Amino acid sequence: MAKQVTNTTNTSNQNYVFGKQNYTLLLAGIALILIGFMLMIGGGSEDPTVFSEAIFDTQRLTVAPIVVLSGFTVIIFAIIKKQKAVEK
């Protein structure tokens, strides 16, 4: 008689690459990138023949790129960060 082998896996024994904290950091990084791009919006002129100085605002030239780069940094940190080992 052949012995039938059943493959039962317990969901608590599965090892995931990312933990809850990694996904939270990943979403925070994506949110920072979106906020940074929203800070870059605007500053244009209604009339194309008139030059607008609003495009050289500190918000668009300094703050927004710093926010975007910090978002990418948070995403890289979320990918690199190791998940804490779960005691069994």
Side-chain angles (χ1 to χ4, degrees):
M1 296 228 166
K3 191 183 233 185
Q4 188 176 21
V5 178
T6 58
N7 188 6
T8 59
T9 57
N10 191 354
T11 56
S12 64
N13 290 340
Q14 293 179 350
N15 293 330
Y16 294 107
V17 177
F18 286 154
K20 183 179 178 181
Q21 190 176 23
N22 294 87
Y23 284 116
T24 305
L25 286 171
L26 190 67
L27 290 175
I30 291 171
L32 277 174
I33 292 171
L34 290 175
I35 290 170
F37 278 117
M38 281 191 261
L39 289 173
M40 288 186 207
I41 293 175
S45 177
E46 303 262 338
D47 185 15
T49 60
V50 178
F51 181 74
S52 174
E53 289 288 329
I55 61 171
F56 296 116
D57 191 17
T58 305
Q59 171 185 326
R60 289 179 187 85
L61 289 179
T62 308
V63 176
I66 290 172
V67 172
V68 170
L69 288 176
S70 65
F72 282 121
T73 305
V74 169
I75 288 177
I76 290 170
F77 179 73
I79 293 171
I80 292 174
K81 186 174 181 331
K82 283 192 174 187
Q83 184 177 339
K84 290 183 179 180
V86 178
E87 301 270 336
K88 291 184 180 180

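What's counted below: heavy atoms across the whole structure, side chains too, no hydrogens, waters or symmetry copies. Since we're looking at a predicted model, the values are computed, not measured.
Leu61 and Phe51 fall within the same hydrophobic cluster, where Ile, Leu, Val, Met, Phe, Trp and Tyr residues are linked whenever their side-chain heavy atoms come under 4.5 Å apart, directly or through other members. Residues Val74 and Val63 are members of one and the same hydrophobic cluster, defined by side-chain heavy-atom contacts under 4.5 angstrom among Ile, Leu, Val, Met, Phe, Trp and Tyr. Residues Ile75 and Leu69 do not share a hydrophobic cluster, defined by chaining ILVMFWY side chains whose heavy atoms lie under 4.5 Å apart. Linking Ile, Leu, Val, Met, Phe, Trp and Tyr whenever their side-chain heavy atoms come within less than 4.5 Å leaves Phe37 and Leu32 in two separate clusters. Residues Val17 and Ile80 fall into different hydrophobic clusters, defined by Ile, Leu, Val, Met, Phe, Trp and Tyr side chains chained together at heavy-atom separations under 4.5 Å.
Nearest approach of Ile55 to Ser52, heavy atoms of both residues: CG1-O, 3.5 Å. Residues Ala78 and Asn22 share a closest heavy-atom pair of O-ND2, 2.7 Å. Among all heavy-atom pairs drawn from Ala64 and Gly36, the shortest one is CB-O, 3.4 Å. Between Leu39 and Arg60, the shortest heavy-atom distance links the atoms O-CG, 3.7 Å.
Here the side chain of Asp57 pairs no donor or acceptor atom with the backbone of Ala54 at under 3.5 angstrom.
Taking the six-membered ring where the residue is Trp, Tyr23 and Phe18 present perpendicular rings, their angle passing 60° and hence far from 30°.
Taking OG1 of Thr73 as the start and CD1 of Ile33 as the end, the distance is 9.0 Å to the nearest 0.5 Å. Here the CD1-CG distance, from Ile30 to Leu25, works out to 11.5 Å after rounding to the nearest 0.5 Å.
Heavy-atom neighbours of Gln59 CD from other residues, nucleotides or ligands within 6.0 Å: above the threshold of 12.
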